[in-house]
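For reference, the structure discussed in these notes is given below.
Because the structure is a prediction, the values reported are computed rather than measured. Each chain gets a letter, A, B and so on, in the order the sequences are listed, and its residues count up from 1.
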Amino acid sequence: MKEIINITFPDGKSHEERKGITGFEIAEKISKSVAKEAIAFKVNDEIQDLSHCIEKDAQVEIIKKDNVAALEIIRHDCAHIMAEAVQALFPNTQVTIGPAIENGFYYDFAKEEPFTVNDFDKIEKKMLEIIDQGKNFTREVWTRDQAINFFSKRGENYKTELINDLDTDETITIYKQGEWLDLCKGPHMPSTKYIGKAFKLMKVAGAYWRGDSSNAMLTRIYGTAWRNEKELTEYLNQLEEAEKRDHRKLGKEMDLFHFQEEAPGAVFWHPKGWGLFQSLINYMRKRQDQAGYVETNTPDLLDRSLWETSGHWEKFRGNMFTTEEKEGRIFAIKPMNCPGAVEIYKQGLKSYRDLPLRISEFGKVHRYEPSGALFGLMRVRAFTQDDAHIFCTENQITSESKIVCDLILSIYKDFGFTDVIIKYSDRPEKRVGEDHVWDKAEKALKEAVKTTGLAYTINPGEGAFYGPKLDFILRDAIGRDWQCGTLQVDLNLPSRLGATYIDENGQKKTPVMLHRALFGSLERFTGILIEHYAGNLPFWLSPLQIVVATITSDSDNYADNIFNQLRDKGLRVKKDIRNEKIGYKIREHSIAKIPVIMVIGKKEAENKTVSLRKLGSKKTETFKIDEITKILFKESLSPYNK
RNA sequence: GCCGCGUUAGCUCAUUUGGUAGAGCAGUUGAUUUGUAAUCAUCAGGUGGUCAGUUCGAUUCCGACACGCGGCACCA
């Protein structure tokens, strides 16, 4: 008896086919050329090998190599090929896992002597050989015993461990390419030859087995792989472009800040960098004033006992800097501003009428980050938060959270960030507080994030121990994601530190504390801005906005006049009356990314004008000095003030 | 913290087997008064990250440490 199934193609057309038909057979039926280019197929949205048999009615789509969906398969194939190449060249290497990732793939190996980049040439060459041989990928189902026997005989202890940890009902599949094989779920392309040449090994790194720092350190090789060489080249160019935006490089070139070994993870802000930093603070101060915040400042050093009460001493002692004992007391440098904020709140009796009370602080905190975590301005040990603590009632959580979300997004927009990732994290396993309060807090926060209209992802169990949180994430030039803003609902600290208010019935109650930072770390945000603008800071943020450059010393007096007029308007301006050619001055200030260069010579002095040249443009425009002062003054206001 | 790599003049980089380092830019001084991305010349500039070790001799070889970089882990 012949059984018939229905397969439906993306264009909506259905065909009757024999039950058990494979993807390859379907491709062949469509056309010879499709069969030739097909590398996998989608069955009800799940990508399968072409050899997969369809047993019941299904939606089917053939995937050719030029399909985006092919990328992941190519990368995964590439990881297998690399593993084979590595084992061929270095027989004492154990394979572990090797997935496809964004832009490429990696494979973790266990090897006595770690690989170095010098091994890449050899490995790549071997990979090309394997690809050229056009080995077929074939899938086999093995029994657990068969798999364990095979891998343990080969001394592949990591693979054996993986198999042992698989659920008993899980099918154990093996993918072979010629002789070489690996435990793998697939899918793979029909043959290694489809990979082509558009791949490159990128870097070696250590990585813990199963991502656990108590396990052995493996050697990871990262590679990138694409559908064709054009895509590969584009990707490599993109990386090069990103490198040019690196805030560490630009920070040096633009003379914004430096680090030195006596202060690892702490910034030396140069005058220009500090100017930028201050512009950000001033901007935020205005926005917060407008949003009903009051600004405070609290001590950097606080007695150990306070940190014990707050719970920090027990939980975060390892990340705190402390003083030596003086007169029997130990102090700790604050890793967070919240205890200080609570202490300010506690001064004087608070009524429900005082709530919500929004207390802000540009507080500098110190945290002992592991040395390996430090990274330019993005991850430091000493940083300034645009911190605030909103004390409110439980009923005010949602409305206050909404206000914070709106504020944060409005602020990011002023800096040109519209692509913000939001992560919502709910209750972790280790937490304080009762479940019904958590229910309330989570519901309130979720409602708030929904009103932003932005997509958010849920991080189950990643909340703070005292409450759920939202993280606002921006992406840097190199594609790394950085958490900037955060909003945390804290149902714990206020009571630990004894904060109260009197409600409308005269009852003493504990307020809820919303802990929020919008830029997050001023240091990190500055770094992200530098990369975001590739150093070409907008006029209002640029620490040095205008250079008045003379052509000859005849114009020195006129330069003085212009300089004074601009400076009196509060514009950040510098004179360049050096005995240099104008081309030389233009070049130097362009490299320094000064937004506006005003060139003045005889002509300008006679007509009371300036010749203006904007960064990134070769065009020059002539303005009357009063006119341009007005224009630039307007441009120097933050977007919020415009 | 872990694995790997790196550290040479203010900056960007040279100097292949061990014989105490060189260029460009920046800086100095001088000449040049110049019209929109580099005027010419002059001088100066370094105990080669730090500390130990091997050696007659170390920037070069070995080791420790510091810092940085690429990842991993961490990130209240």
Exercise. side-chain contact (heavy atoms from CB on, under 4.5 Å) between Ile221(A) and Ile123(A): does it pass, once the steps are laid out?
Worked result: CA-CA 11 Å; Ile221(A) 300 180; Ile123(A) 298 171; 4.0 Å; yes
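What separates CD of Glu112(A) from P of C3(B) is a distance of 14 Å, to the nearest Å. Protein atom CD of Glu113(A) is 12 Å distant from nucleotide atom C1' of C3(B), rounded to whole Å. Between Asn103(A) atom CG and G71(B) atom P there is a gap of 12 Å when expressed in whole angstrom units. Counting to the nearest Å, the P atom of U33(B) and the OH atom of Tyr558(A) are 24 Å from each other. Phe115(A) has its CZ atom 15 Å from the C1' atom of G71(B), to the nearest Å. The CD1-C1' distance, from Ile586(A) to U36(B), rounds to 4 Å in whole Å. As rounded to whole Å, 18 Å separates atom P of C3(B) from atom CD1 of Ile221(A). Straight-line distance from the NZ atom of Lys111(A) to the P atom of C3(B): 16 Å, rounded to whole Å.
Put simply, the side chain of Tyr222(A) reaches to within 4.5 Å of the side chain of Ile101(A), judged on heavy atoms.
Considering only side-chain N and O atoms, Lys203(A) lies under 4.0 angstrom from the phosphate OP1 or OP2 of G71(B).
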Nucleotide N/O of nucleotides 72-74 of chain B paired with protein N/O under 3.5 Å:
{"unit_1": "C72(B)", "atom_1": "O4'", "unit_2": "Gly206(A)", "atom_2": "O", "d": "3.1"}
{"unit_1": "C72(B)", "atom_1": "O2'", "unit_2": "Tyr208(A)", "atom_2": "N", "d": "3.0"}
{"unit_1": "C72(B)", "atom_1": "N4", "unit_2": "Gly372(A)", "atom_2": "O", "d": "3.4"}
{"unit_1": "A73(B)", "atom_1": "O2'", "unit_2": "Ser213(A)", "atom_2": "OG", "d": "3.3"}
{"unit_1": "C74(B)", "atom_1": "O2", "unit_2": "Arg379(A)", "atom_2": "NH2", "d": "2.7"}
{"unit_1": "C74(B)", "atom_1": "N3", "unit_2": "Arg379(A)", "atom_2": "NH1", "d": "3.0"}
{"unit_1": "C74(B)", "atom_1": "N3", "unit_2": "Arg379(A)", "atom_2": "NH2", "d": "3.4"}

What protein N or O atoms touch nucleotides 24-27 of chain B N or O atoms at under 3.5 angstrom, if any, and at what distances?
{"unit_1": "A26(B)", "atom_1": "OP1", "unit_2": "Tyr584(A)", "atom_2": "OH", "d": "2.9"}

Quick test: give all pairs of protein nitrogen or oxygen and nucleotides 9-14 of chain B nitrogen or oxygen below 3.5 Å, distance rounded to 0.1 Å.
{"unit_1": "U12(B)", "atom_1": "OP1", "unit_2": "Lys252(A)", "atom_2": "NZ", "d": "3.2"}

Dump the pairs, protein N or O against N or O of nucleotides 65-69 of chain B, anything under 3.5 Å, distances to one decimal.
{"unit_1": "A66(B)", "atom_1": "O2'", "unit_2": "Glu261(A)", "atom_2": "OE1", "d": "3.0"}
{"unit_1": "C69(B)", "atom_1": "OP1", "unit_2": "Arg248(A)", "atom_2": "NH1", "d": "3.2"}
{"unit_1": "C69(B)", "atom_1": "O3'", "unit_2": "Arg248(A)", "atom_2": "NH1", "d": "3.3"}

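Summarising the geometry of Arg379(A) relative to Glu369(A), their closest heavy-atom pair is NH2-OE1, 2.9 Å, with the distance given to 0.1 Å.
Classification of the Phe417(A)-His532(A) ring pair by plane angle, with boundaries at 30° and 60°, yields tilted. Below 30°, between 30° and 60°, or above 60°: for Phe90(A) and Phe115(A) the angle between ring planes is above 60°, a perpendicular geometry. Ring-plane geometry between Trp209(A) and Tyr158(A) is classed as perpendicular, the angle between the planes exceeding 60 degrees on a 0 to 90 degree scale with a lower cut at 30.
Residues forming a side chain to side chain contact (heavy atoms under 4.5 Å, CB included) with Ile551(A) (at least two apart in sequence, or on another chain): Ile582(A), Val599(A). Residues passing the side-chain hydrogen bond (donor to acceptor under 3.5 Å, both in side chains) test with Arg381(A): none are found, sequence neighbours excluded. The side-chain hydrogen bond (donor to acceptor under 3.5 Å, both in side chains) check on Asp490(A) picks up nothing, with sequence neighbours excluded. Take Phe563(A) and apply the side chain to side chain contact (heavy atoms under 4.5 Å, CB included) test, not counting sequence neighbours, and it matches Arg567(A), Val573(A), Lys575(A). Judged as a side-chain hydrogen bond (donor to acceptor under 3.5 Å, both in side chains), and not counting sequence neighbours, Thr322(A) has no contacts. The side-chain hydrogen bond (donor to acceptor under 3.5 Å, both in side chains) check on Ser310(A) picks up His312(A), with sequence neighbours excluded.
Counting only Watson-Crick and G-U wobble pairs whose two distances sit under 3.5 Å, RNA chain B takes part in these stems of three or more pairs: B:1-7 with B:66-72, B:10-13 with B:22-25, B:29-31 with B:39-41, B:49-51 with B:63-65.
The residue Ser611(A) sits close to a base: some heavy atom pair falls under 4.0 Å.
When the nearest nucleotides of RNA chain B are assigned to Val117(A) and Leu615(A) by heavy-atom distance, the more 5′-ward of the two goes with Val117(A).
With salt bridges taken as basic N to acidic carboxylate O contacts below 4.0 Å, one links Arg210(A) and Asp165(A).
Against RNA chain B, the stretch residues 596-604 of chain A makes heavy-atom approaches under 4.0 Å through Val599(A), Gly601(A), Lys602(A), Lys603(A), Glu604(A).
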